[in-house]
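Reading through the structure tokens given below for one structure.
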Amino acid sequence: MSSLEIRPTTAADLPFITRIYEHAVRYGTATFELIPPDLAEMTRRFDALMDGGFPYFVAAIDGSVVGYAYAGAYRPRPAYRFTVENSVYLQPAIHRRGIGRRLLQRLIAESEARGYRQMIAVIGDSANAGSIGVHRKCGFEMIGTHPNVGFKFGRWLDTVMMQRALGDGANTLPAG
Ligand SMILES: CC(C)(COP(=O)(O)OP(=O)(O)OC[C@H]1O[C@@H](n2cnc3c(N)ncnc32)[C@H](O)[C@@H]1OP(=O)(O)O)[C@@H](O)C(=O)NCCC(=O)NCCS
């Protein structure tokens, strides 16, 4: 794993990210999307995140993109502007090797550097032990569960809310 690199995402990474997310949409319950977005839509989302000044990273092994993580607006109303929601996805073949944790740690550090104060994970499926576990390892606390708010693959699904303070959190007032 010495060749693992975590680096900012570029447009050239988006075809690989699109494929990783497509698998998660088709076969997983972490995301509540039902139809995989195509490259054009993933590019539109990437551009919107870049325009908003949000961090977006990929994990690459020997130059191949195997995962990604980004932060985006938690909710659009302006009083939420110091709070971000994070996403992290890996290729299934490389789960549980510490890559999700490395991606999330980098995302947290960069979000702190950009002045954000809270990070929220909205985790699809309360049975998603991998996601709950990696967030806990990265300092997130359990906020609670919204039971049965999703319906995918013929069954009701919960969402799990986890949250972590960034930087000074609520101990100081933000600049601006
Ligand atoms: C969630 C995900 C990003 C985690 O990444 P990962 O590289 O597999 O996780 P890591 O190896 O970094 O695990 C870090 C810690 O999280 C916990 N963890 C990870 N996977 C776990 C699992 N399946 N069960 C229980 N705990 C788990 C462990 O505490 C682990 O530390 P340890 O291996 O030293 O015990 C990855 O599994 C994934 O892409 N899953 C599918 C998509 C998804 O659920 N994304 C999250 C959307 S909110």
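All ligand and atom numbering here is 1-based and tracks the order in the structure. If you read the sequence from its start, that first residue is 1, and numbering goes on from there.
Here the options are R45, R26, K152, the test is salt bridge (Lys or Arg N to Asp or Glu O under 4.0 Å), and the partner is E33; only R45 passes.
For ligand 1, none of its N or O atoms has an N or O atom of I123 under 3.5 Å away. Any N or O atom pair closer than 3.5 Å counts here, and A30 shares no such pair with ligand 1. Backbone and side-chain nitrogen or oxygen atoms of V122 are examined, and none is located within less than 3.5 angstrom of a nitrogen or oxygen of ligand 1. In terms of N/O distances under 3.5 Å, ligand 1 is approached by G98.
Among H95, H23, R97, H135, the residue whose heavy atom lies closest to atom 40 (N) of ligand 1 is H95.
Of the possible polar contacts, none joining the S111 side chain to the Y116 backbone as a donor-acceptor pair under 3.5 Å is found. Counting only distance, with no hydrogens or angles, the side chain of R106 and the backbone of F57 share no donor-acceptor pair below 3.5 Å. Checked by atom type and distance alone, the side chain of D13 pairs as donor or acceptor with a backbone atom of T10 at under 3.5 Å.
In this structure, the protein non-hydrogen atom closest to atom 42 (C) of ligand 1 is Y89 CD2, 3.5 Å. In this structure, atom 44 (O) of ligand 1 lies nearest to the protein heavy atom N128 ND2, 2.9 Å. Protein heavy atom nearest atom 29 (O) of ligand 1, with residue, atom name and distance: K137 CG, 3.5 Å. For atom 33 (O) of ligand 1, the nearest protein heavy atom (residue, atom name, distance) is R96 NE, 3.1 Å. The nearest protein atom to atom 48 (S) of ligand 1, hydrogens excluded, is given as S131 OG, 3.3 Å; this is a heavy-atom distance. Residue, atom and distance of the protein heavy atom nearest to atom 47 (C) of ligand 1 are V88 O, 3.7 Å. From the protein, the heavy atom lying nearest to atom 12 (O) of ligand 1 is R101 N, 2.9 Å. Closest to atom 17 (C) of ligand 1 among all protein heavy atoms lies G133 C, 3.5 Å.
More than 12 heavy-atom neighbours from other residues, nucleotides or ligands sit within 6.0 angstrom of CZ on F153. Annotation for H95: atom NE2 counts as buried by contact number, over 12 foreign heavy atoms lying within 6.0 Å. Heavy-atom neighbours of R7 CZ from other residues, nucleotides or ligands within 6.0 Å: above the threshold of 12.
Under the 4.0 Å distance rule, the nearest protein heavy atom to atom 15 (C) of ligand 1 falls inside the cut-off.
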Practice prompt. Test R117 against T172 for side chain to side chain donor-acceptor pair (under 3.5 Å), laying out the working first.
Written response: CA-CA 10 Å; R117 294 299 185 91; T172 60; 3.2 Å; yes

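A salt bridge is absent between E22 and R19; no separation between the charged side-chain nitrogens and carboxylate oxygens falls under 4.0 Å.
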